[in-house]
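All remarks here apply to the structure that follows.
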Amino acid sequence: MLTEELVDLSRLQFAVTALYHFLFVPLTIGLAVILVVMELTYVITDRPIYKDMVRFWGKLFGINFALGVTTGLTLEFQFGTNWAYYSHYVGDIFGAPLAIEGLMAFFLESTFIGLFFFGWDRLNKWQHFMVTVLMAFGSNLSALWILIANGWMQNPLGSEFSFVTMRMEMTDFWAIVFNPVAQAKFVHTVSAGYVTASLFVLGISSWYLLRGRDLDFARRSFRIAAGFGFASALSVIVLGDESGYTLSESQQAKMAAMEAMWETEPAPAAFTLFALPNEAAQRNDYELQIPYVLGLIGTRSTTETLPGIREIKEKNRERIVDGIKAVTALEQLRRNRDDAAALAQFEAYKADLGFGLLLKKYIVDVSQATPDMIQQAVDSTIPRVAPLFWSFRIMVALGFLFLALFSLALFHSIKGNFIEKRWLLRWALWFIPMPWIAAELGWIVAEYGRQPWTIYGVLPTHISVSNISVANVYGSLAGFIGFYTVLLIVEIYLMRKYVRLGPASLGTGKYHGEQAAGGALPVNAPANRI
Amino acid sequence: MDYETLKLVWWLLVGVLLIGFAIMDGHDMGVGTLLPFVGRTDLERRAVINTVAAHWEGNQVWFVTAGGALFAAWPLVYATAFSGFYWAMMAALWALFFRPVGFTYRSKIQNASWRSTWDWGLFIGGAVPPIIFGVAFGNLLLGVPFHFNDLMMSTYTGSFWALLNPFALLAGVVSLGMLTFHGANYMMMRTEGPIYRRTRTASLIFGVLTLFAFALAGWWVATSIDGYAITSVIDGNSPPDPLAKTVVIAEGAWMLNYNHYPWTIWVPIVAFIALAAGILFARLHKAGLAFWSSSTACAGIIGTAGVSMFPFIMPSSTDPRSSLTLYDAVSSHLTLGLMLGATVIFIPLIVIYTSWAYKVMWGKVTTEFISANDKSVY
């Protein structure tokens with residue numbers, strides 16, 4: 001029996017493990033590209049300091065990457081272990097980009113990362129540069145394929161349901177690849193990764209500058225991060241807007257909840273800057289609006305309207321009522337594949353099958369659903385407003401602050417006086433965690449905002465889970481929390497240690513406070529005795 | 001290509017990916033398993049670890065890709081096996097956690113107990129997953145208690161402890177022995193001095209262990225394990241629907257393929273010959289030949305499990321018609337075709353650039369080399 005407790009726990013486990021995984025992904029994607037920029041500078045100028053920069057920032061990249069790999073394995077397992085019905089129902093479509101991601105991207109990234117770290121003395125500098133490029137290309141390509149898979153969850157096209165196999169099946173691979181939602185998500189997500197990595201390099205370089213150490217090294221790193229970060233922050237905002245545009249077509253419910261837009265407003269709708277959403281009364285207790293802006297962003301026109309929550313719910317009510325007929329016919333067909341009457345009814349209503357399945361949360365035989373259950377299902381089609389409204393606004397506000405920071409950093413880099421601007425250096429240092437917050441909030445908007453669906457309009461979250469005991473999920477969740485807490489402590493400890501050591505950790509003898517780190521224990525020290 | 005042929009091709013391809021996983025990721029898991037025993041000092045252990053330092057990451061993708069291909073090509077197998085074997089999967093996953101962090105973090109701090117902890121972590125990450133995958137294969141041969149409802153929702157009715165039955169544990173020994181033997185042969189190629197001598201001893205021990213365990217498991221299957229047989233007509237071109245067939249549990253059914261297609265007996269025979277050859281070459285200090293022999297043995301042993309069960313993948317002991325076969329647990333015609341295209345394009349490319357990476361990094365890893373490159377190696 002799929003109890004609400006089982007579903008909630010499975011969701012919580014997925015959220016914990018996915019958000020945790022995404023602590024490491026943006027830095028990997030972005031830092032890989034920054035390493036390419038630094039190494040390109042090295043192969044062109046032939047100045048050893050740029051090689052040292054690649055190797056030092058590469059060390060931090062490696063510490064981060066290890067946990068990215070570790071936590072990525074969890075996600076590969078988890079669709080099968082905890083979301084078995086989902087895996088069956090959409091594996092025909094969803095599995096393909098995942099497998100292609102492995103074949104095309106992970107192999108590239110992971111094979112060349114070994115040569116990146118250990119091939120310095122065995123490859124000439126152009127060969128090594130090519131290795132770094134392929135590694136960065138692989139990590140960005142993996143983002144593309146996973147977001148194609150995710151984009152299909154948001155906007156499922158190129159597929160249809162088969163009652164014989166009882167699942168969704170692919171009809172058009174290229175429609176899935178060129179899904180506008182997936183493409184917008186890809187550029188937005190990788191740009192966010194570039195911002196994260198740029199701020200990481202900018203902030204740590206600022207710390208060296210504030211401490212007056214490794215000045216030459218930090219100054220050059222700062223400049224690269226400022227330039228790359230400025231371009232990325234600009235694109236993350238522009239392409240984030242693009243993502244809003246596409247989602248307003250496929251996911252109006254998410255848009256309405258994100259904007260706390262209870263009623264359909266005359267075009268062009270106002271953008272609500274601040275509000276206190278009141279879920280029970282279905283209105284905002286207080287709101288501060290900027291006229292026209294949302295309509296312009298969302299529809300790119302002054303005449304199209306954006307539907308409000310009430311209007312969307314009424315449309316969904318009709319679809320749920322029709323969906324009951326689809327589910328009932330499907331269940332007859334599953335018992336007797338040759339039932340012609342059931343087939344005719346199913347064909348007539350199958351577009352609303354997913355909406356009918358929403359009722360499975362409340363009753364096994366959906367044809368017996370009471371008006372009260374239907375009302376609950378209708379209400380569930382809009383995700384809760386306040387978390388989305390605020391997550392989105394904090395993310396956007398941070399995005400503009402990143403742009404401001406990188407603009408100033410770039411401006412003063414060009415003027416060459418950023419070392420004197422200690423307020424700017426401090427700002428960069430204290431802002432290091434902010435891109436992570438923005439990225440996690442972005443995932444909350446995207447994934448929490450898709451509720452109550454795993455596949456929007458096709459498969460409700462409630463029936464996507466594995467039919468396993470609640471005790472199993474409690475146990476594994478506790479295990480994940482335990483492992484992940486320890487791993488995070490270890491990772492942050494190492495990261496801090498190596499940041500403090502700075503480029504001295506390379507052992508070249510040229511940098512601040514050269515001292516041993518890592519390295520050998522006394523020769524032939526016994527390894528077993530502790 | 002018609003649907004039925006495509007289904008058969010995918011059975012072969014999943015086999016190829018599993019064998020690829022065993023040969024590539026298997027050898028660095030074997031290295032992890034042997035690490036605490038063949039390396040006595042910190043420098044020795046670092047030498048051992050650095051034989052796979054540049055490669056384990058790429059090798060692990062064989063595992064990731066095999067999982068992804070299972071999801072894409074056999075979604076019902078992926079869904080049913082992973083949720084059914086819940087705790088086994090969690091244990092394998094958590095054991096695998098130790099590898100990326102173990103490799104990367106171990107030598108970043110100069111502290112003996114820190115390093116020793118990660119060494120044992122690498123041991124867990126090397127030894128536990130092969131045991132679990134072997135146990136899983138053992139249980140597939142025995143049949144797994146699960147069934148589908150009308151909407152194809154699977155329910156597993158067994159327990160975790162029931163997975164740890166004597167036959168499945170023997171299969172776990174075969175799997176662990178095979179990959180440790182293989183890892184030892186790899187390490188013989190890349191080490192020298194005392195590490196080499198200990199590794200060679202390990203190779204001989206695990207080679208012989210695998211040979212006997214595999215023989216015992218074969219005898220067990222041939223004499224006292226009931227197999228499964230499809231009793232309805234198979235239409236390989238129809239849409240996949242596990243519930244449309246009938247299946248019986250029958251004595252000796254796992255030996256039927258060897259009677260119907262006598263040439264298939266060469267698969268286990270090759271496994272035996274390769275194991276014996278690997279042991280012989282290890283004795284003769286022919287590390288390279290020993291490695292190719294154990295690679296062949298991996299293919300032979302995995303192939304034997306596949307051929308015995310063909311066309312079954314995951315038989316159900318409690319509701320035999322729910323059993324999953326290569327005909328009815330698969331993706332649609334379009335998806336299988338597409339994935340075949342992707343595999344045919346990318347696997348050769350992967351083999352080429354992986355070989356290049358090994359070529360660049362090839363050579364003996366000595367303790368002197370580790371001392372001299374203290375800051376840039378693991």
Which atoms of [X] are under 4.5 Å from chain A, going by heavy atoms: the side chain, the backbone, both sets, or neither?
X      : result
B:T354 : both
B:F71  : both
B:M361 : both
B:E44  : neither
B:V330 : backbone
B:I350 : side chain
B:I370 : neither
B:N373 : side chain
B:W362 : backbone

Report yes or no: do A:Y86 and A:S10 form a side-chain donor-acceptor pair below 3.5 Å?
->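 The answer is no; no qualifying pair exists.
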Taking the six-membered ring for Trp, is the centroid-to-centroid distance between [X] and [Y] below 6.0 Å?
X      : Y      : answer
B:F123 : B:W120 : yes
B:H147 : B:Y156 : no
B:F82  : A:F77  : yes
B:F103 : B:W118 : no
B:Y378 : A:F117 : no
B:F146 : B:F85  : no
B:F97  : A:F483 : yes

Atom CG of B:N111 and atom CZ of B:R106: how far apart are they, to the nearest 0.5 Å?
->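 Output value for this atom pair is 11.0 Å.
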From the list A:F480, A:F173, A:F107, A:F118, the residue making the most non-hydrogen contacts under 4.5 Å with chain B is A:F107
Among A:S466, A:S110, A:G72, single out the residue with the greatest number of heavy-atom pairs under 4.5 Å to chain B.
->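 Counting heavy-atom pairs under 4.5 Å, the top option is A:S110.
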Chain B contact via [X] - which portion, at a heavy-atom distance below 4.5 Å:
X      : result
A:V131 : side chain
A:Y85  : side chain
A:L506 : backbone
A:L103 : both
A:L134 : neither
A:S469 : neither
A:E491 : both
A:F79  : both
A:F112 : side chain

Decide side chain to side chain donor-acceptor pair (under 3.5 Å) for A:Q78 and A:T17; before the verdict, give the C-alpha distance in whole Å, the side-chain angles of both, and the deciding distance to 0.1 Å.
-> CA-CA 9 Å; A:Q78 197 166 214; A:T17 53; 2.8 Å; yes
Heavy-atom closest pair, residues A:S139 and A:E109 = CB-OE2, 3.0 Å
